[in-house]
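Heads up: the structure comes next, in structure tokens.
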Amino acid sequence: MTDLTNIRVRFAPSPTGYLHIGGLRTALFNYLFARHNNGKFILRIEDTDQQRKVEGAVENLIKTLKSIGLEYDEGPEIGGEYGPYFQSQRLDIYKKYIEQLLSQGDAYYAFETAEEIEEMRKLQIEQGAAQAMYDRSARNLTKEQVEEKIKQGIPYVIRLKVPQNSEVSFNDLIRGTVTIDTNLVDDQVLMKSDGYPTYHFANVIDDHLMQITHVIRGEEWLTSVPKHILLYKALGWEASLMAHVPLILNPDRTKLSKRQGDVATEDFLRKGYLPDALVNFIALLGWNPGEGENKEIFSLEELVKLFTIERVQTSGAVFNLEKLNWMNAEYIKNYDMNKLAELAFPIMENAGFDITDREKVKRVVFAVRTYINKLDEIPVQAERYYKSNIELNEMQKEMLSSDSSKRVFESLSNKLNGFNVITTESFKPLLNEVQKETGIKGKNLFMPVRLALTGEEHGPELGLVAYVLGKDEVERRIKMFLNM
RNA sequence: GGCGCAUUGGUGUAAUUGGUUAACACGCCGCCCUCUCAAGGCGGAAAGUACGGGUUCGAUCCCCGUAUGCGCUACCA
């Protein structure tokens, strides 16, 4: 029996460049499941495709996982008892087990080239076959024929001998029992001609050797489970428990793709989605805490506490950017100011702002946080606090040169003398005094000040604006219009 | 085409072992707050649970069929 007191799960991406948001959710579910059950979360790199290898992809993957906050217990860089955690470094292990399968007669050599297979498929489809697949002809090769071909140096693959006229059935933790007819299962290639294993083979060997108790992965793997079950059986092993999570979809319900927006976790982070918000949002795509739970904002810790595999949904979930934006805005509004500022500095700098006055940047972030959905919107909002010239249209100029505006500026300017530092709280009473002194109130009081300070008719409350600009700058801008 | 999986408002989801005016959130609309814009508060429209059959006193929930969608069908993962 699988040892359920010692739960081990893995996230096993192939390093093809970036961390797909669907992959991130798979990683998250694995992580939550592991932490919830006091188990181990393992990162394994499935780099068996030499063609698709991308330079730096692994480093990027690890970095992204880290910035999201999903720490793994075993894997690249940190090691562990069951390494190596790169499949490309486990070739001798696969070789050993493929030998076993070969000698047991559960696998066999096949010498067709990729082109020949392609041709075979085409022909089958033309002839109206229900399903095109390898014709299993190499099963009939004699031992002598095989040895002869190998001696001649003809390239070969090793295929799984799928039993015919049978059924494979397994229990998916999310979907229940799934049954598939083995006549529809191809004699899958286990070892490619370049000596690397295929996913199907390596995955089974590694999951067993690494003592993975639960395989939690995307739905796209569901129909290949029989191949894996057959392998476990042939090797005399017990299969891991399986859970296939639903896909994340585009608004048109096709599989989430690049064409319809961002799919790379890195892109979301770069645009200023907070890691916590991303995690929160994605956790709720295909999972929910169930009855009696109305809130939607959950920290990673809370998710760990609440997460169970049984509550994972069975159908695909559309990635709703609007809701992500709302959730991210919620996080931005309530986030720790220091942490928020840290995230904002590089964004401001990249946008061309001078960030040497970090305190000012912080004040800016504080002022704009209720206005933005994501951090890359800060620069646009920050503009008004950094411009040295106020540009106005004719109507606005007229308003500022009016008699009442002048009186407001004059009064305000005088009152400002008594101040060293303007705070959000102290500016409002100041304007009240101006109102008392001049008798000007409402729009006629506030709008001139707003225009003078920002050049805009809309924006945050004036106390906030004044606080961010600082006393000197407020004074400078007011005087500028007083003397206009 | 074959096989597999799925199907509750536009979207994400809820609904104790079949009995609810089918709940919550995003979005949308309106009102309030207010110098403005956001934020916030309050309220509203929006599904009778894909469709058609069963089973049952009663079905979103169980069974069958159809439709639709998605996935798989590689010496890719």
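Lettering follows sequence order; numbering is per chain, from 1. Please read these numbers as outputs of a predicted model, since none were measured by experiment.
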Got a sec, which residues hit salt bridge (Lys or Arg N to Asp or Glu O under 4.0 Å) with A:Lys415, two or more places apart in sequence or on another chain?
-> A:Glu437
If a protein heavy atom is under 4.0 Å from the base, mark B; if only from the sugar-phosphate, S; if neither, -; do that for nucleotides 19-26 of chain B going 5' to 3'.
-> -----SBS
Using a cut-off of strictly less than 4.0 Å, decide whether A:Arg44 has a side-chain nitrogen or oxygen near OP1 or OP2 of B:A77.
-> no
Out of B:A6, B:A77, B:C75, which nucleotide sits closest to the side chain of A:His200?
-> B:A77
Decide if atom CD of A:Glu398 counts as having more than 12 heavy atoms of other residues, nucleotides or ligands within a radius under 6.0 Å.
-> no
Answer yes or no: does a side-chain N or O of A:Thr314 lie under 4.0 Å from OP1 or OP2 of B:U7?
-> yes
Comparing A:Asp47 with A:Leu285, nearest RNA chain B nucleotide closer to 5' gives the residue A:Leu285
Considering only B:G71, B:C76, B:G4, which nucleotide approaches the side chain of A:Arg52 most closely?
-> B:C76
Choosing from B:C37, B:A6, B:G71, which nucleotide comes nearest the side chain of A:Tyr371?
-> B:C37
Taking every non-hydrogen atom, the tightest pair across A:Glu457 and A:Met447 = O-CE, 3.7 Å
Choose from B:A74, B:C76, B:C70 the nucleotide whose nearest atom is closest to any side-chain atom of A:Leu247.
-> B:C70
Contact class for A:Ala12 (heavy atom, under 4.0 Å): base, sugar-phosphate, or nothing?
-> nothing
Restricting to pairs with a member in residues 274-289 of chain A, which pass side chain to side chain donor-acceptor pair (under 3.5 Å), not counting sequence neighbours?
-> A:Asp276-A:Tyr335, A:Asn280-A:Tyr331, A:Asn288-A:Arg311
Using the C1' atom on both, measure B:G58 against B:G2 and round to a whole Å.
-> 40 Å
Not counting sequence neighbours, which residues clear salt bridge (Lys or Arg N to Asp or Glu O under 4.0 Å) with A:Lys96? List them please.
-> none
Here the gap from A:Thr438 atom OG1 to A:Leu412 atom CG, rounded to the nearest 0.5 Å, amounts to 10.0 Å
A:Thr64 and A:Glu266: side-chain donor and acceptor closer than 3.5 Å?
-> yes
Salt bridge present between A:Lys295 and A:Glu302 (N-O < 4.0 angstrom) = yes
Under 4.0 angstrom, heavy atoms only, what part of the nucleic acid is A:Glu112 near: base, sugar-phosphate, or nothing?
-> base
Between B:C51 and B:G44, how far apart are the C1' atoms? Round to whole Å, please.
-> 31 Å
Determine the Euclidean distance between corresponding C1' atoms of B:G65 and B:A15; express it in Å to zero decimal places.
-> 27 Å
Should the pair A:Glu377-A:Lys374 be classified as a salt bridge under the 4.0 Å nitrogen-to-oxygen rule?
-> yes
Rounded to whole angstrom, note down the C1' distance from B:G10 over to B:A47.
-> 11 Å
RNA chain B: 5'-proximal contact among A:Thr179 and A:Lys255 (nearest heavy atom) | A:Thr179
Of the candidate nucleotides B:A74, B:C37, B:C3, which contains the atom at the shortest distance from the side chain of A:Leu184?
-> B:C3
Could you state the CG-P distance from A:Leu445 to B:U34, rounded to the nearest angstrom?
-> 15 Å
Is the CD atom of A:Gln164 crowded by more than 12 outside heavy atoms at less than 6.0 Å?
-> yes
Carboxylate-amine/guanidinium contact A:Lys95 A:Glu99, below 4.0 Å | no
Among the candidates B:C75, B:U13, B:G4, find the nucleotide nearest to the side-chain atoms of A:Ala114.
-> B:C75
Contact under 4.0 Å: A:Lys333 side-chain N or O vs B:G40 OP1/OP2 = yes
A:Asp207 atom CG is separated from B:A77 atom P, nearest whole Å, by 15 Å
Between B:C24 and B:A14, how far apart are the C1' atoms? Round to whole Å, please.
-> 7 Å
Per atom distances to the A:Arg175 side chain, the nearest of B:U73, B:C76, B:A6 is B:A6
Among pairs that include at least one residue of residues 244-254 of chain A, which meet side chain to side chain donor-acceptor pair (under 3.5 Å), considering only residues two or more places apart or in two chains?
-> A:Asp172-A:His244, A:Arg217-A:His244, A:Asn250-A:Thr254, A:Asn250-A:Ser257, A:Asp252-A:Thr254, A:Asp252-A:Gln260
B/S/- contact track for nucleotides 64-69 of chain B, protein heavy atom under 4.0 Å = -----S
Using a cut-off of strictly less than 4.0 Å, decide whether A:Arg159 has a side-chain nitrogen or oxygen near OP1 or OP2 of B:C75.
-> yes
Any A:Gln313 side-chain N or O less than 4.0 Å from OP1/OP2 of B:A14 = yes
Under 3.5 Å donor-acceptor pairs involving side-chain atoms of residues 21-31 of chain A, not counting sequence neighbours:
from, atom 1, to, atom 2, distance (Å)
A:Arg25, NH1, A:Leu285, O, 2.4
A:Arg25, NH2, A:Pro246, O, 2.1
A:Thr26, OG1, A:Gly22, O, 3.1
A:Asn30, ND2, A:Thr26, O, 2.9
A:Asn30, ND2, A:Ile216, O, 2.9

Name each donor-acceptor pair under 3.5 Å that joins a side chain in residues 424-433 of chain A to protein atoms two or more places apart or in another chain, with its distance.
from, atom 1, to, atom 2, distance (Å)
A:Ser426, OG, A:Thr423, N, 2.9
A:Ser426, OG, A:Thr423, O, 3.3
A:Ser426, OG, A:Thr423, OG1, 3.1

Closest to the A:Phe446 side chain: B:C35, B:G4, B:A74?
-> B:C35
Distance between the C1' atoms of B:A74 and B:G12, in whole angstroms?
-> 35 Å
Choose from B:A39, B:A74, B:C5 the nucleotide whose nearest atom is closest to any side-chain atom of A:Thr370.
-> B:A39
A:Arg369 side chain near B:A39 phosphate (N/O to OP1/OP2, under 4.0 Å) | no
Please determine if a side-chain N or O atom of A:Thr198 lies less than 4.0 Å away from the OP1 or OP2 oxygen of B:C76.
-> no
Can you give the donor-acceptor pairs under 3.5 Å from side chains of residues 118-131 of chain A to other protein atoms, not counting sequence neighbours?
from, atom 1, to, atom 2, distance (Å)
A:Gln124, OE1, A:Met133, N, 2.8
A:Gln124, NE2, A:Met133, O, 2.8

How far does the C1' atom of B:A46 sit from the matching atom of B:U21, given to the nearest Å?
-> 16 Å
Consecutive-pair stems (at least three Watson-Crick or G-U pairs, under 3.5 Å) that include RNA chain B | B:1-7 with B:67-73, B:10-13 with B:23-26, B:28-32 with B:40-44, B:50-54 with B:62-66
Decide if atom CZ of A:Phe366 counts as having more than 12 heavy atoms of other residues, nucleotides or ligands within a radius under 6.0 Å.
-> no
B:U55 and B:C62: how far apart are their C1' atoms, nearest whole angstrom?
-> 8 Å
Within residues 448-457 of chain A, those residues having any heavy atom closer than 4.0 Å to RNA chain B are A:Arg450, A:Glu457
Which nucleotide, B:C75, B:A14, B:A77, lies nearest any side-chain atom of A:Ile117?
-> B:C75
For residues 43-62 of chain A, the salt bridge (charged side-chain N to carboxylate O under 4.0 Å, His left out) pairs (sequence neighbours left out) are A:Arg44-A:Glu46, A:Arg44-A:Asp206, A:Arg44-A:Asp207, A:Asp49-A:Arg52
